[in-house]
Amino acid sequence: MAGLLKAMAIMGAMALVLAVVITAGANYWVWRKTHASITLESEQCVHEPVGLVFGTSYGLRGGGENPWYRARLDLAARLWKSGQVDHLLLSGDNHTRYYNEPIRMWRDLRRVQIPDAVMTLDYAGFSTFDTLTRSRDVFGVSRVTLISQRWHLPRALFIAQYLGLDARGCATRQRSIIDDRWMWAREVFARVQVIADLYLLDRHPYFLGPSIALPTGDADGAIIPVYQRVSMPAPVESALSDVRSLLDTRPDEASMKHWRAFDPVDQRLF
């Protein structure tokens with residue numbers, strides 16, 4: 001019995017050492033491939049045609065606004081207003097009609113005078129991998145600035161490089177490692193998982209769907225209505241079709257230019 005316990009202890013120690021080596025190696029690999037592509041000062045972020053904003057919960061479980069959510073939106077607004085990105089792709093989770101990250105981001109950015117014409121919503125950004133794959137395969141993005149926190153950008157850039165995107169990371173205003181210690185710790189293991197997903201498990205996105213061209217506005221600078229450029233949830237699209245039928249109008253008529261969007265959370269038109 002003593003011999004068996006000793007053998008098990010040795011095997012456990014070897015497994016622990018192996019796990020530490022794999023974790024350290026994976027994190028070093030991700031850092032080595034991506035650290036040169038991350039800019040910590042937003043003023044130094046180079047111009048790219050698209051800024052990709054990763055969705056996250058806008059509220060904390062204990063109450064109050066999520067500081068990481070606010071930091072991403074603040075940075076996205078600054079980059080667009082300074083001309084460092086031309087268009088914002090807002091990607092997030094919309095797994096139920098009561099939880100819609102892209103719509104919430106869109107509404108909050110409108111409040112700081114970001115025009116509709118420079119925002120496109122991606123409702124199926126269920127994960128970092130899904131968001132990046134959809135940016136390439138659905139929205140046709142090839143060059144992009146990734147807008148997120150310093151702890152998240154190495155993993156996001158690693159995936160982007162794997163997918164063949166010409167991507168750079170622009171980090172939000174830095175919080176101390178102590179403040180974000182749980183997120184840094186989580187990323188240590190998430191980087192191991194992403195290597196397994198990409199190189200061992202052949203991961204695929206949960207949902208792709210039809211291609212959606214990112215808009216640029218017409219020659220007169222007119223705003224392109226949201227319903228013309230974003231795949232809306234089926235119930236919303238059905239309701240809009242009914243309304244258009246009742247009004248006997250077509251989506252491209254001038255009378256629709258003032259239409260904004262339907263918010264499935266508040267059940268209101270804006």
Side-chain angles (χ1 to χ4, degrees), residues 50-61 63-81 85 87-128 130-135 138-139 141 144 146-149 152 172 205-215 217 223-244 251 256-270:
V50 177
L52 177 55
V53 188
F54 292 90
T56 186
S57 172
Y58 40 79
L60 299 174
R61 290 184 180 180
E65 187 178 58
N66 183 345
W68 304 308
Y69 168 83
R70 176 51 54 192
R72 293 179 189 183
L73 291 198
D74 288 347
L75 177 57
R78 288 202 308 274
L79 292 179
W80 181 80
K81 290 179 178 180
V85 297
H87 196 85
L88 295 172
L89 178 57
L90 313 179
S91 181
D93 191 346
N94 178 30
H95 63 279
T96 75
R97 62 180 295 184
Y98 302 107
Y99 185 81
N100 194 317
E101 291 175 351
I103 283 286
R104 181 60 180 259
M105 289 191 286
W106 169 76
R107 290 175 61 189
D108 286 348
L109 285 170
R110 289 186 77 212
R111 290 191 179 105
V112 292
Q113 288 74 54
I114 304 300
D116 282 356
V118 303
M119 294 187 286
T120 295
L121 282 63
D122 174 17
Y123 294 101
F126 302 121
S127 67
T128 299
D130 285 42
T131 288
L132 288 163
T133 303
R134 286 175 55 79
S135 73
V138 175
F139 297 96
V141 172
V144 61
L146 307 185
I147 299 172
S148 192
Q149 276 73 30
H152 178 230
T172 61
Y206 180 76
F207 176 76
L208 284 177
S211 297
I212 303 172
L214 295 183
I223 291 177
I224 299 176
V226 174
Y227 71 88
Q228 287 187 350
R229 57 186 169 88
V230 180
S231 288
M232 303 296 285
V236 178
E237 184 58 41
S238 176
L240 292 175
S241 297
D242 292 342
V243 171
R244 288 195 289 268
M256 297 297 286
K257 287 186 178 180
H258 298 294
W259 190 92
R260 292 307 185 196
F262 181 83
D263 187 340
V265 178
D266 291 342
Q267 301 290 306
R268 293 183 295 172
L269 289 174
F270 288 84

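For the numbers below, each heavy atom of this structure counts, side chains included, while hydrogens, waters and symmetry mates do not.
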Student: With rounding to the nearest 0.5 angstrom, report the CG to CG distance, N100 to N94.
Tutor: 3.5 Å
Student: Please report the closest heavy-atom contact between P102 and G92, naming both atoms and the distance.
Tutor: CG-N, 3.7 Å
Student: Distance check, rounded to the nearest 0.5 Å: E101 atom CD versus Y58 atom OH?
Tutor: 7.5 Å
Student: Check salt bridge (charged side-chain N to carboxylate O under 4.0 Å, His left out) between R104 and all other residues, then give those that pass, not counting sequence neighbours.
Tutor: D108
Student: According to salt bridge (charged side-chain N to carboxylate O under 4.0 Å, His left out), does anything in residues 71-81 pair up with another residue at least two apart or in another chain? List the pairs.
Tutor: R70-D74
Student: Once rounded to the nearest 0.5 Å, what's the spacing between atom CE of M105 and atom OH of Y69?
Tutor: 7.0 Å
Student: Can you give me the closest heavy-atom contact between V53 and A76, atom names plus distance?
Tutor: CG2-CB, 3.7 Å
Student: Roughly how far, to the nearest 0.5 Å, is the CZ atom of F207 from the CG atom of D130?
Tutor: 11.0 Å
Student: Could you tell me which residues satisfy side-chain contact (heavy atoms from CB on, under 4.5 Å) with T128, sequence neighbours excluded, listed by chain and number?
Tutor: F54, L132, H152, R155, A156, I159
Student: For a 4.5 angstrom cut-off between non-hydrogen side-chain atoms, does L60 reach P67?
Tutor: yes
Student: Name all residues meeting the side chain to side chain donor-acceptor pair (under 3.5 Å) criterion together with S91; count only those two or more places apart in sequence or in a different chain, and write none if there are none.
Tutor: D122, T131
Student: For L52 and V141, what are the C-alpha separation, side-chain angles and deciding distance, and is it a side-chain contact (heavy atoms from CB on, under 4.5 Å)?
Tutor: CA-CA 10 Å; L52 177 55; V141 172; over 6 Å; no
Student: Considering residues at least two apart in sequence or located in another chain, which fulfil the side-chain contact (heavy atoms from CB on, under 4.5 Å) criterion with V138?
Tutor: R134, L208, I212
Student: Would you say S135 and L89 make side-chain contact, with heavy atoms under 4.5 Å?
Tutor: yes
Student: List for me each residue that meets ring pair (Phe, Tyr, Trp, His ring centres under 6.0 Å) alongside W68, sequence neighbours excluded, and say none if there are none.
Tutor: W151
Student: Checking side chain to side chain contact (heavy atoms under 4.5 Å, CB included) between L88 and each of L73, I114, V50, which is the one that passes?
Tutor: I114
Student: Not counting sequence neighbours, which residues clear ring pair (Phe, Tyr, Trp, His ring centres under 6.0 Å) with Y206? List them please.
Tutor: F126
Student: Working to the nearest 0.5 angstrom, can you tell me the gap between L75 CG and W80 CH2?
Tutor: 15.0 Å
Student: Search all heavy atoms of Q149 against all heavy atoms of A71 and return the closest pair with its distance.
Tutor: NE2-CB, 3.7 Å
